[in-house]
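Read the structure below first, then the notes.
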Amino acid sequence: MGRDSAWLAGADIIAVFLALLGQVVLTRALWTESYGLFILALDVFATLFLVIDLGLPTLLARDGSRAPHRIWPSMKRVYSLQFKATIPFLFAAVVAFLVGEGDWLNHAPLMLICGLIALVHIATYAPRSGLRAAGEARLEAWTKVLERGFTTAAYIVLYALGMTSVVAYATAFLFGAFSGLLFALWWARVTLRVYDAQPGEQGEMGEAWLSNRALLLQALPFAITLGVLPYVVRIEKFIVGLELGVESAALFHVAQLAWLAGLVLPQALRAALLPVLGKVRHQPDQFVREMNASLDICFGLLPIGIFSGAAIVKLFLPLAFPEQYLDGSLGASAVDLFIVLLLGWCFTLLATPTYTALQAGLHPWRFTFFIVIVVGFSAVIGFALIGWQADTGRTEGLYAAAYASTLSALFALVASIHLSMSWNAVRNRGKEWLVAVTCMTVACYGILNGTVLALAGVVLFMFTPQAIRAVGSSVQGTPILKTSEAE
């Protein structure tokens with residue numbers, strides 16, 4: 001867990017900083033309205049098409065470590081099922097385009113490219129999950145870095161050439177996405193080819209893989225979850241776009257960029273923890289032990305995330321992004337909105353062990369229910385707060401969106417603890433939880449208001465030694481596929 005978390009988190013941090021550089025280029029090359037339209041189009045297609053994933057790569061990551069020789073043929077099964085699921089979506093998209101009307105039709109090339117980007121990204125999930133299940137998270141990490149590197153490099157080339165067409169930049173993004181897919185497929189093929197002569201039995205990865213019907217039924221909770229999951233981080237942006245317009249959505253997206261960058265840490269931890277918990281899902285003691293190790297790491301990351309996040313945003317955003325995103329002319333400052341979102345990042349980080357326990361546990365429908373109620377809560381609180389404050393003014397509406405996002409993160413933390421039946425584990429470490437939640441809340445409040453209360457975050461460094469021990473003990477593991485065997 002420690003080794004794979006380090007690889008995935010490191011790659012995601014590099015990829016996110018490259019993405020931030022790309023966003024800087026976009027905000028300087030495109031008009032605010034075009035930039036907002038591009039961002040919303042990407043998010044809409046990523047949200048609508050993600051159900052094509054069918055939840056199958058998640059099962060591959062969870063079960064693949066049991067039988068590494070079945071990963072490559074299982075990837076082929078995943079692609080076959082996903083291709084069949086894509087056909088009705090493509091048909092519906094064509095029909096909607098032919099009978100639709102409005103401003104969206106004036107941007108048909110941009111819509112087409114954004115749709116293709118979403119489909120290519122979905123296609124990368126299976127080989128990346130296969131690499132992670134085979135103990136080769138380092139190769140999965142490289143695919144992410146290379147994909148983002150090619151995309152950002154293409155953005156910079158277009159900007160240097162003086163291009164201002166949003167379609168050109170969307171094409172550059174598609175080029176980067178295809179690059180990531182090709183690298184993922186190539187490395188998966190090379191890494192797993194040692195097992196070509198060992199077909200094995202379908203059921204070696206678990207009962208779910210005995211037939212396509214059983215596989216789809218087992219993946220159904222994850223498929224439904226993935227269809228809903230994107231709204232967890234996008235619902236407030238969509239509501240802002242509806243209530244306040246695309247320019248406000250662009251501003252809120254800039255504020256979210258650094259917040260989303262910070263989310264790579266819990267995402268990497270979840271990605272590395274999933275196969276670990278999946279392997280011991282029938283061993284309760286070991287399951288709890290791995291969750292506690294993950295929580296130690298989360299506690300240790302809190303002060304680093306709070307102080308580095310606030311410092312980077314306060315220093316970097318004013319230098320990188322155009323003035324209109326920071327001077328309040330669009331209703332608020334992206335820096336101030338980020339500080340409000342920072343507390344939500346803390347709640348999301350602390351939810352990592354229980355979130356993943358729901359994903360890897362014996363009752364996957366609980367994970368589906370968890371995501372559904374979180375999105376439902378986010379929608380209700382978002383429409384209530386943003387709609388209420390939007391009548392007062394754009395500034396109040398934007399701050400309401402940030403507060404709604406933070407409240408949703410808190411709700412997700414509590415819901416994940418409850419549904420994973422982890423209250424006993426929380427009570428066993430009650431003092432640590434009390435210190436962590438109190439200090440991170442006071443610290444974020446102090447940073448937002450520029451007071452000495454921000455120093456409360458220093459207390460959180462008390463968790464650093466146990467986090468180092470947790471990483472050190474888990475990093476001793478070896479990949480399921482040794483490099484010499486793969487070669």
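The minimum heavy-atom distance between Pro109 and Val167, with the atom names listed, is CB-CG2, 4.3 Å. Across every non-hydrogen atom of Leu60 and Ala126, the tightest pair is CD2-O, 3.5 Å. Shortest non-hydrogen contact noted between Glu140 and Leu131 is N-CD1, 3.9 Å. Looking at every heavy atom in both residues, Leu30 comes nearest to Ser165 through CD2-C, 4.1 Å. Pairing each heavy atom of Tyr159 with each of Ala29, the nearest pair is CD1-CB, 3.7 Å. Closest non-hydrogen pair, Glu147 versus Gly180, comes out as CB-CA, 3.7 Å.
No side-chain donor-acceptor contact under 3.5 Å links Thr191 to the backbone of Ala188. In terms of modelled atom types and a separation under 3.5 Å, the side chain of Tyr155 and the main chain of Gln23 share no donor-acceptor contact. Using modelled atom types, one side-chain atom of Thr406 and one backbone atom of Val340 make a donor-acceptor pair closer than 3.5 Å. Panel note: side chain Ser405, backbone Ala401; no donor-acceptor pair is recorded below 3.5 Å. In this structure a side-chain-to-backbone donor-acceptor pair under 3.5 Å is present from Thr152 to Leu18. Side-chain atoms of Thr86 come within 3.5 Å of backbone atoms of Gln82 as a donor-acceptor pair (strictly under, hydrogens ignored).
Once rounded to the nearest 0.5 Å, the distance linking CE of Met440 with CH2 of Trp345 reads 9.5 Å. Leu42 CG to Met111 CE: the interatomic distance, rounded to the nearest 0.5 Å, is 8.5 Å. The distance from atom CD1 of Ile156 to atom CG of Leu161, rounded to the nearest 0.5 Å, is 12.0 Å. Here the CG-CG distance, from Leu119 to Leu181, works out to 11.0 Å after rounding to the nearest 0.5 Å. Atom OG1 of Thr348 and atom CG of Leu410 lie 10.0 Å apart (nearest 0.5 Å). Taken from CE in Met163 to OG1 in Thr171, the straight-line distance is 9.0 Å, to the nearest 0.5 Å.
The ring of Phe150 has its center no closer than 6.0 angstrom to the ring center of Phe178.
The closest side-chain heavy-atom distance from Ser179 to Leu146 is not below 4.5 Å. Looking only at side-chain heavy atoms (C-beta outward), Lys76 and Tyr79 stay at 4.5 Å or farther from each other. Under the 4.5 Å side-chain criterion, counting only non-hydrogen atoms from C-beta, Tyr399 is in contact with Asp336. Using a 4.5 Å heavy-atom threshold, the side chains of Met75 and Arg189 count as separate. Side-chain contact check for Phe175 versus Thr151: every heavy-atom pair is 4.5 Å or farther apart. Between Leu349 and Phe299 there is no side-chain heavy-atom pair separated by less than 4.5 Å. For the pair Thr143 and Leu139, the minimum side-chain heavy-atom distance is 4.5 Å or more. A heavy-atom distance below 4.5 Å is found between the side chains of Leu269 and Leu301.
Taking the centre and axis of the six-membered ring of Tyr355, the NZ or CZ atom of Arg270 falls inside the cone set by 45° and 6.0 Å.
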Residues Val25, Tyr169; criterion side chain to side chain contact (heavy atoms under 4.5 Å, CB included); working and verdict: CA-CA 10 Å; Val25 174; Tyr169 287 93; 4.3 Å; yes
Could you check Phe347 against Ser408 for side chain to side chain contact (heavy atoms under 4.5 Å, CB included), going step by step and ending with a plain yes or no? CA-CA 9 Å; Phe347 290 132; Ser408 297; over 6 Å; no
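Shown here is Phe411, whose CZ atom has more than 12 heavy atoms of other residues, nucleotides or ligands within 6.0 Å.
In this structure, Ala153 has no side chain to side chain contact (heavy atoms under 4.5 Å, CB included) partners at least two apart in sequence or on a different chain.
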